[in-house]
Amino acid sequence: MLLGEILLVAFGAIRANKLRSFLTMLGIIIGIAAVIAMVALGEGAQRQVEARLATLGTNVLTVRPGQQFMGGVDRGDNRLVAEDVEALTRAPVHIKDVAPEMQRRYQVSNGPSNANLQLLGTWPAYFGINNARLAAGRLFTREEERGRRRVAVLGAAVGDRLNTDTRSLIGKRIEVRGIPFEVIGVLESKGEQGWMNPDEILYLPLATAQFRVFGTDRVQQIDVQAVDERSLELATAEIDRVMRREHRIKPGDPSDVTIRNQSALLETFQETTKTFSFLLAGIAAVSLLVGGIGIMNIMLVSVTERTREIGVRKALGARRRDILLQFMIEALVLCVAGGLLGLGLGAGGAFLLHRVANWNTAVAPSAAVMAVLFSSVVGIFFGLWPARRAARLDPIVALRYE
């Protein structure tokens, strides 16, 4: 038999039992769809974290207040202040730049329009450390920060929240808690980054934010940029030494600050994603195994139903390999079709999660290719036994089968 004729016979057999063929493929469809949707969620989350860390750079460390316990109870008196940040800038060895952060939400008004926005008090070095680029105007200076000047730099989307063009606010005044601030600059858009949107942040000089708006001398965290990636461990040790000296912590006692490495955070997240992917692969393997067994069962039933047809084909000259190839192609078509339908269903589910739930999803091309290839392997593996059984039928016995 020619290959074209074998394909026509195989497709004809599948079309003759459409419902049974669809139910046979269902296990493959569900398994592939589940894997594609879950992998898309994992891929989207990973890209989101990578994008966030890319804005900080791989040579940035984050210093935050730690916890100290007394009798099993958190004392709650750990804190960072501007003097701690100043100490890090004195005679640095492995530290390139430092920027404190203090954030809170307040109502911001521009004439009749107002919005609840995130305010971030910091130093000018913050913009360089976080790769924030100026789109218009200028950034505030260190002198303006020390002088507690009422100036502000806006994220690219602040104007949208205040029903106006962001750049048109340059040179104008906006109010925070009734305190007027002059807008001196606008940053380029960086896009939403999961738990925060830097485009909707109002950036103020740290001292101005602390003493004119927030009413506290504390800072929430300190961004420390190391000289380069190779200096991260040395910079971490330098930070620990300075913080211990400033907070009068004895050698051997636990530090009262935590120092986080962005690169280490990314590596930890990637390891978590890999573990999650292996778990999904195990679930998918079980689902595809069940689907493959279903296909093998249906193919065995098909061989039994078409025993007389197989006998006729052999009597007309069909060889064993022709019969084997015919049933192998039927199993392969069922699995590949199920894989493609599952791929479409999974991608559609990922798209709906992005549109409806606003979750970050990304269907990786490698995952799509692997899904189709794996479903093909399942078809070949579970279709082989029924196909061999059909090919080994004795034509005389097959013709006499009722």
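What you are looking at is a predicted structure, and each value in this text was computed from that prediction instead of being measured.
The neighbour count for His247 NE2, taken as heavy atoms of other residues, nucleotides or ligands under 6.0 Å away, is above 12. Crowding of Glu233 atom CD: a count of heavy atoms from other residues, nucleotides or ligands under 6.0 Å not exceeding 12.
The minimum heavy-atom distance between Asn110 and Leu169, with the atom names listed, is ND2-CD2, 3.5 Å.
We find that Arg138 and Glu144 are joined by a salt bridge, their nearest charged nitrogen and carboxylate oxygen being less than 4.0 Å apart. Between Arg90 and Glu238 there is no salt bridge, since no side-chain N of the basic residue sits under 4.0 Å from a carboxylate O of the acidic one. Ionic pairing of Glu86 and Arg142 is present here: one or more N-O contacts between side-chain nitrogen and carboxylate oxygen are shorter than 4.0 angstrom. Contact check on Asp217 versus Arg79 returns a salt bridge, with a Lys/Arg side-chain nitrogen under 4.0 Å from an Asp/Glu carboxylate oxygen.
Using a 3.5 Å distance cut-off with no hydrogens or angles, the side chains of Gln118 and Gln103 do pair a donor with an acceptor. Defined by atom type and a distance below 3.5 Å, a donor-acceptor pair is present between the side-chain atoms of Gln221 and Asp223.
Put simply, CG on Asp97 and CG on Leu88 are 11.0 Å apart, with the number rounded to the nearest 0.5 Å.
With a 6.0 Å cutoff to the six-membered ring centre and a 45° limit on the axis angle, Arg148 counts as a cation-pi contact of Phe211.
With hydrogens and angles disregarded, no donor-acceptor distance shorter than 3.5 Å links the side chain of Glu182 to the backbone of Lys172. The closest donor-acceptor contact from the side chain of Asn114 to the backbone of Val108 lies at 3.5 Å or more, if one exists at all. No donor-acceptor distance shorter than 3.5 angstrom exists from the side chain of Thr164 to the backbone of Gly159, with no hydrogens or angles considered.
Applying the ring-ring contact (aromatic ring centres under 6.0 Å, His included) test to Tyr203 and every residue at least two apart in sequence or in another chain returns Tyr126, Phe127.
For residues 354-378, the set of pairs meeting the salt bridge (charged side-chain N to carboxylate O under 4.0 Å, His left out) definition, not counting sequence neighbours, is empty.
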